[in-house]
There are 2 protein chains.
Amino acid sequence: MATMADVARRAGVSVSTVSYALSGTRPISLTTRRRIEQAMLDLEYTPNAFARGLKSKRSHIISLLLPARPGSPQPSSLEYILGAADHAQRCGYHLMLWTADVEAVDDLTQFAGQGLVDGALLMEVRPEDPRIQVLVDAGVPFTMIGRNADPAGLDFVDADAEQTAEAAVEHLLGLGHRRLGFVGGPSVRNPVQNAILQAVKRADAGMNVDLVQVEAECSTEGGRNAFAWLLHSSPKITAIIVANEQAVSGLIRASADFGRRIPDDLSMMCLDMPAHVAELITPPMTTAGPSAAEIGRAAVDMLLRRLDGDVAPARQLLFRGELNLRGSCAPVRDADHQTASDR
Amino acid sequence: MATMADVARRAGVSVSTVSYALSGTRPISLTTRRRIEQAMLDLEYTPNAFARGLKSKRSHIISLLLPARPGSPQPSSLEYILGAADHAQRCGYHLMLWTADVEAVDDLTQFAGQGLVDGALLMEVRPEDPRIQVLVDAGVPFTMIGRNADPAGLDFVDADAEQTAEAAVEHLLGLGHRRLGFVGGPSVRNPVQNAILQAVKRADAGMNVDLVQVEAECSTEGGRNAFAWLLHSSPKITAIIVANEQAVSGLIRASADFGRRIPDDLSMMCLDMPAHVAELITPPMTTAGPSAAEIGRAAVDMLLRRLDGDVAPARQLLFRGELNLRGSCAPVRDADHQTASDR
DNA sequence: CCGGACCGTCGATTCGATTCGACTATTTCA
DNA sequence: TGAAATAGTCGAATCGAATCGACGGTCCGG
């Protein structure tokens, strides 16, 4: 309510002096500073965000671009959001949510053009993501959480898909599994899918590993279908790696329907699933992947550095995915090696 | 980038004319309007949010106050957030996240004083919630999602705890259960807990229903402890109603440890758990409660109405909780009536 | 045919903070 | 001792849009 002019009047100085006292841009004598501070306290003065933003071209607001149809939420999104929001706040920034679809280019253009936000965090980045060009054109600095097909020259934070895939594959091979399945999401050219393939190839030193990959829709039904397909293409399958949170329920349900007990008959592991969700599953789901909250925080850090004038070449940060062993993976049973096709 | 002055120059009119053309506040001739629109297109003009906010005292930003320690997120929060964000956006508003703790009164005071937001949505409202006074003092209109101890005169949207409790209790009694348990959260004076108690009392027409209530911490461990306590105080218990998402994993785990199969030996039902989470559990969890996304939307609606100058007395909206029957509740077995104490 | 009601437009002021140039008083150094 | 640097403060311009009062022109009714 109170304005700078009010404070100035009460402290018996000019408006500019108050401003300098607040920002520290120019030296102010101790006595004057004290009077001003007292006046600010008395009047409960809070600088007006708009006036400040108008003149200084800095809003201290960053936005989180999260294309999300409400109704089919990914639980892990929440971790990113909270991780980012919390950290941004600690750094003196506000976090604004932008949920419009990836394709809503015009809306985004307008949003970016308003000058409301200092920068943006991009989530659910697609290989060819139209939002990137919009932000570049509008001159809004941004950091991606995930990455597009050609991220050269762009800042991003992402899970280390190669390393995570390797850890996951290694674990299952170590348990004796040789016939693996992979369930991905519907996104084109999922980097994780590729990473798994590579990891299997690399590890496959005469082990004769079999890998079947399938893309599932993000729903229980999608998971069911994926499971049926997997079993159809590789009846002797003993372990499944899932990179699609929303399909897990269907996979579990279907595996029960097909009479495959987890982990006795079938091991299952999910990538990038939050711990509290994994704990809910019976048996508790073994997972692999970095902490979403931490990635969110790192993305904020990276963005804020740019806002502070960092002109270094594009920074790209990968997060190691830890393996969280719970109860959904078990050593392969010997019987499976011989006769696993007759169920 | 382009300003109103640029547009005015290009269209050969004055700044004020452009402004009137944009807002429609005063009549503008068709030919002039067209020239202006063309100029705006040519220059890709977007009104500056700060200048607009400074002059008009309206930011078209609302904030969502969601005290959340990242690390222990409630999956249902995400539904509220996305429901609210999406709807706000549709209504031409931006949604800003504020994650500071309920007790961080000073931070909130400053935030509210900045004039950045037109209004606020309050989540995780406590019986005695200091944020309420802060917002009232700052003159920031707000709507609560949930309610405090004395919500008279305040706008809120909430689940209809009485009705939901009644539906839940009725369902279990209908299945023959007479020894019930209730697991609540750590919040003081949880209205749901009370509602359950009342519902049991009301329904108890000589049925001789037994109800044991316990508060659990929001964690797997909390759920485990609650289960042990429940079993200790009421060994013959056959059904549990849970109003604490984060304790469910512990309850499930403990019930397995104690050899109680769900739903054969023990029925379990969770209030206000999102469908996609309930589907993950084995067996799929029966739930009761309204749609979080819908509540989020309704809260936005209510708030925006106030921002549009609605001066009606406080609006208070309760949402019916639908029962979603999945697989975690079953008819009580007759044996339980006679000898359920000897496990 | 003249006065008032409207229409369409413009100039000037305002919102509240930032910042540049200028000015005074004091200090520093050659 | 005089020139230059420094500390401390002020006034005024500025950011970009909203809005009020005013003004010339058109139209209508009496």
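This is a predicted model, so every value here is computed, not measured.
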Checking contacts here: which listed nucleotide ([options]) is nearest the side-chain heavy atoms of [X]?
X	options	result
B:Ser29	C:dA12, D:dG8, C:dT9	C:dT9
B:Ser16	C:dG16, C:dG11, D:dA17	C:dG11
B:Arg26	C:dT9, C:dG16, D:dT9	C:dT9
B:Tyr20	D:dA12, D:dC20, C:dC15	D:dC20
B:Ile28	C:dG21, C:dA17, C:dT9	C:dT9

Q | Position toward the 5' end of DNA chain C (nearest nucleotide), B:Ser14 or B:Ala51 | A |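 The residue closer to the strand's 5' end, by nearest nucleotide, is B:Ser14.
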Q: Kindly assign one of parallel, tilted or perpendicular to the pair B:Phe111 and B:Trp98, based on the angle between their ring planes and the thresholds 30° and 60°.
A: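 Answer is parallel, since the angle falls under 30°.
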Contact under 4.0 Å: [X] side-chain N or O vs [N] OP1/OP2:
X	N	value
A:Thr17	D:dC10	yes
B:Ser19	D:dA18	yes
A:Thr3	C:dC15	no
B:Lys55	D:dC15	no
B:Arg52	D:dA18	yes

(Q) Any base atoms under 4.0 Å from A:Val18, or only sugar-phosphate, or nothing? Heavy atoms, all strands. (A)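 Answer is nothing: A:Val18 stays at 4.0 Å or more from every strand.
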Q. Is B:Val13 touching bases, backbone alone, or none of the nucleic acid, heavy atoms closer than 4.0 Å?
A.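 Counting heavy atoms under 4.0 Å across all strands, the contact made by B:Val13 is with sugar-phosphate only.
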(Q) Check whether A:Arg306 reaches the backbone of A:Ala312 with its side chain - one donor and one acceptor, N or O, closer than 3.5 Å. (A)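 Confirmed, A:Arg306 side chain pairs with A:Ala312 backbone.
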